[in-house]
There are 2 protein chains.
Amino acid sequence: MTSTDPGPLRPTRQRRAVAEALASFADFRSAQEIHDLLRQRGEKVGLATVYRTLQKLADAGEVDMLRSEDGEAVYRRCSESHHHHLVCRHCGATVEVEGPAVERWTRSMAAEHGYADVSHTLEIFGSCPACS
Amino acid sequence: MTSTDPGPLRPTRQRRAVAEALASFADFRSAQEIHDLLRQRGEKVGLATVYRTLQKLADAGEVDMLRSEDGEAVYRRCSESHHHHLVCRHCGATVEVEGPAVERWTRSMAAEHGYADVSHTLEIFGSCPACS
DNA sequence: GGGCGATTGAGAATCATTGTCAAATGCCTC
DNA sequence: GAGGCATTTGACAATGATTCTCAATCGCCC
């Protein structure tokens, strides 16, 4: 089944460390940056473990994952409801935005062309007030 | 200066080959797939050249470039107006969609938070009629 | 035809991400 | 609290896309 089997997911020291690292950031960070932060804090966590943990958190919907323009995966803790991001392309400052208009629009576009089981990705980039 | 003068862009055999390859596809292809096609056709074009050419075409706005879910860059020739894509996640069939609603929405979201110089990316994924 | 800068190609180099597999750990049962 | 066992971890190799290097070629203009 594609329906996610919740699975056990044991709370280990490493997983807690990654979760805390995420909590200390306000914007998107790559797995490598998170790994570096943990290193500096003295937490010993393997890089592969950071990747694995981030993926699981993303699957569980506890963090957002998106691709920066050069294709690198970046993560950020987030509210649980469906939303999108307004990201400053200079400093990375991020605002969560949402609105039924887009959701409705994507759904109707998909329906119009007979597409089922629809999902979408939407990110907005710009210069934040501080960087303009 | 960072602002690079576009420059002439010489029409070479290789660039023509890549352009023709793109013309023969209706959906998104990776640089590697395009390179393979050229190989099969007997055209001798280096992989690095295919990458370079695709990037230039994308910069010039003659092709669309987007990232598949696993971060790979994929390209497709496209109409010139601003639009988005409805992509079948099984077979890759693509439909170009557009609508002022989203454009308006993203602009107003950005304005509301004081962001300037706004751009956005939006892709819709689903199962096309043939794959459902 | 010649000059010359743009372009190409082959392969090395980079770099994020994933796979491997033995060792370590968390949890459950007794 | 000890033992059994599946999950998780970590160090490092492997993968795979993309970029870099640089000498050889090519296209354009005179």
Side-chain angles (χ1 to χ4, degrees), chain A residues 4-22 25 28-60 62-76 92, chain B residues 1-2 4-22 25 28-60 62-76 92:
Chain A
T4 45
D5 156 66
L9 210 355
R10 254 179 235 178
T12 65
R13 173 179 62 74
Q14 291 87 340
R15 293 216 238 260
R16 234 171 289 124
V18 171
E20 281 173 27
L22 281 169
F25 291 128
F28 287 90
R29 299 301 166 112
S30 69
Q32 315 252 0
E33 288 173 318
I34 290 167
H35 180 240
D36 286 347
L37 175 75
L38 293 176
R39 264 276 205 63
Q40 287 171 28
R41 282 192 184 174
E43 300 270 10
K44 304 223 177 83
V45 182
L47 179 57
T49 300
V50 173
Y51 273 101
R52 282 184 293 234
T53 302
L54 287 172
Q55 280 173 352
K56 277 184 184 144
L57 289 174
D59 284 349
E62 293 180 39
V63 302
D64 279 333
M65 186 265 258
L66 66 82
R67 301 257 167 201
S68 65
E69 299 202 0
D70 57 349
E72 197 180 2
V74 288
Y75 302 84
R76 177 187 192 248
Chain B
M1 294 294 93
T2 52
T4 36
D5 156 69
L9 205 2
R10 255 181 234 177
T12 65
R13 174 179 62 76
Q14 291 87 339
R15 294 216 237 259
R16 235 170 289 124
V18 171
E20 281 173 27
L22 281 168
F25 292 127
F28 286 90
R29 298 300 166 113
S30 70
Q32 315 251 0
E33 288 173 318
I34 290 166
H35 179 241
D36 286 347
L37 175 75
L38 292 175
R39 267 276 205 62
Q40 287 170 29
R41 282 194 184 174
E43 300 271 8
K44 302 224 178 81
V45 182
L47 179 57
T49 300
V50 173
Y51 273 102
R52 282 184 293 233
T53 302
L54 287 172
Q55 281 173 350
K56 277 184 183 144
L57 289 175
D59 284 349
E62 293 181 40
V63 301
D64 279 333
M65 187 265 259
L66 64 84
R67 300 258 168 202
S68 65
E69 298 202 0
D70 58 346
E72 197 181 1
V74 287
Y75 303 83
R76 176 185 191 250

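In what follows, every heavy atom counts, from backbone to side chain, and hydrogens, waters and symmetry copies are set aside. Note that the structure is predicted; figures quoted are calculated from it, not measured. Just so we're on the same page: letters track the sequence lines, and every chain starts at 1.
Per the geometry, CZ belonging to R15(B) stands 7 Å off C1' belonging to dT7(C), to the nearest Å. If you measure from atom CZ of R67(A) to atom C1' of dA16(C), you get 9 Å, rounded to the nearest angstrom. In this structure, L47(B) atom CG and dT21(D) atom C1' are separated by 15 Å, rounded to whole Å. Following rounding to the nearest Å, L54(A) (CG) and dA16(C) (P) show an atom-to-atom distance of 14 Å. Going from atom OH of Y75(A) over to atom P of dA16(C) covers 13 Å, rounded to whole Å. For the pair R29(A) CZ and dA16(C) P, the computed distance is 15 Å after rounding to whole Å. Atom CE of M65(A) is separated from atom P of dA16(C) by 15 Å (rounded to the nearest Å). In this structure, NE2 of H35(A) is placed 13 Å from C1' of dA16(C), rounded to the nearest angstrom.
Enclosure of atom CZ in R41(B) by more than 12 non-hydrogen atoms of other residues, nucleotides or ligands within 6.0 angstrom is indicated.
Between dT7(D) and T12(A), no contact under 4.0 Å exists linking OP1 or OP2 to a side-chain N or O. Taking side-chain N and O atoms only, Q55(A) has a distance below 4.0 Å to OP1 or OP2 of dT18(C). Contact between the side-chain N/O atoms of Y51(A) and the OP1/OP2 oxygens of dT17(C) is found at a separation under 4.0 Å. The side chain of Q14(A) contributes no N or O atom lying less than 4.0 Å from OP1 or OP2 of dT25(C). Note on T49(B): every side-chain N or O is 4.0 Å or more away from OP1 and OP2 of dT7(C).
Using a 4.0 Å heavy-atom distance criterion, E33(A) is classed as making no nucleic acid contact.
Mapping R13(B) and E72(B) onto DNA chain D via the closest heavy atom, the residue that lands nearer the 5' end is E72(B).
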Start with the C-alpha gap between V18(B) and T49(B), add the side-chain angles, then the distance that decides, and say whether side-chain contact (heavy atoms from CB on, under 4.5 Å) holds. CA-CA 9 Å; V18(B) 171; T49(B) 300; 5.9 Å; no

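When the nucleotides dT17(C), dA10(C), dG19(C) are ranked by their closest atom to the side chain of A48(A), dG19(C) comes out on top.
Scored by the side chain to side chain contact (heavy atoms under 4.5 Å, CB included) test, R67(A) finds M65(A), A73(A) as partners (sequence neighbours excluded).
With values rounded to the nearest 0.5 angstrom, E72(B) atom CD is found 7.0 Å from Q32(B) atom CD.
Although no hydrogens or angles enter the test, the distance criterion places a donor-acceptor pair under 3.5 Å between the side chain of H35(A) and the main chain of V45(A).
One can find a donor-acceptor pair under 3.5 Å joining the base of dG9(C) and the side-chain atoms of R52(B).
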